[in-house]
Amino acid sequence: QVQLVESGGGLVQAGGSLRLSCAASGRTFSSYAMGWFRQAPGKEREFVAAISARGDSTYSTDSVKGRFTISRDNAKNLVYLEMSSLKPEDTATYYCASRPIVSSSIPREYNYWGLGTQVTVSS
């Protein structure tokens, strides 16, 4: 199993930047694709970005392209989401998730989830 813990959330003004981190337990982190999702009050959980197990392939949703970057360090069991040019509509709880090998943009296809970290962007 994989246990995930997100960190790095907080309050930031519009146009600012944050770097979220997700720490994974276990020795098999490199066998899991990782994803970031977010959920705002009253909205469905939304795909943000995903990265393949080896880190050689990434994908992100159109609304964050050019602003958010997902990356991973398999030697440290860490995945990151670097966020810049933040907008108030980015305000949400951000979740880290994992699934075997192949990445996905569909929440139900992920097996393990962190508890989330809150990102609030003020205008």
Can you give me the closest heavy-atom contact between [X] and [Y], atom names plus distance?
| X | Y | result |
| --- | --- | --- |
| Arg67 | Leu86 | NH1-CA, 3.9 Å |
| Asp73 | Phe29 | O-CE2, 4.1 Å |
| Arg99 | Glu109 | NH1-OE1, 3.1 Å |
| Tyr110 | Ala50 | OH-CB, 3.7 Å |

Single-linkage hydrophobic cluster [X]~[Y], side-chain heavy atoms < 4.5 angstrom:
| X | Y | value |
| --- | --- | --- |
| Leu20 | Tyr80 | no |
| Trp36 | Tyr112 | yes |
| Tyr95 | Met34 | no |

Could you go through residues 2-16 and list every donor-acceptor pair under 3.5 Å that involves a side-chain atom there, pairing it with any protein atom two or more places apart or in another chain?
unit_1	atom_1	unit_2	atom_2	d
Glu6	OE1	Leu115	N	3.1
Glu6	OE1	Gly116	N	2.8
Glu6	OE2	Cys96	N	2.7
Glu6	OE2	Gly116	N	3.2

Enumerate, atom names and distances included, each donor-acceptor pair closer than 3.5 Å involving a side-chain atom of residues 53-65, sequence neighbours excluded.
unit_1	atom_1	unit_2	atom_2	d
Asp56	OD1	Ser52	OG	2.7
Lys65	NZ	Ser60	O	2.9

**Asked** What distance separates Thr120 OG1 from Asp90 CG, expressed to the nearest 0.5 Å?
**Response**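 Atom-to-atom, Thr120:OG1 and Asp90:CG are 11.0 Å apart.
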
**Request:** Find the distance between SG (Cys22) and CZ (Arg72) and round it off to the nearest 0.5 Å.
**Result:**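 Result: 9.5 Å between the selected atoms.
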
**Request:** Could I get the full list of ring pair (Phe, Tyr, Trp, His ring centres under 6.0 Å) partners for Phe68, not counting sequence neighbours?
**Result:**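 Counting only residues at least two positions away or on another chain, Phe68 forms no ring pair (Phe, Tyr, Trp, His ring centres under 6.0 Å).
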
**Asked** Is the gap between the ring centers of Phe37 and Phe47 under 6.0 Å?
**Response**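 Here the rings of Phe47 and Phe37 have centres that are less than 6.0 Å from each other.
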
**Request:** Please examine the side chains of Val119 and Thr91, heavy atoms only from C-beta on, and report whether any two atoms are closer than 4.5 Å.
**Result:** no

**Asked** Hey, are Thr93 and Gln118 close enough side-chain-wise for a donor-acceptor pair under 3.5 Å?
**Response**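 The criterion, which ignores hydrogens and geometry beyond distance, is satisfied for Thr93 and Gln118.
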
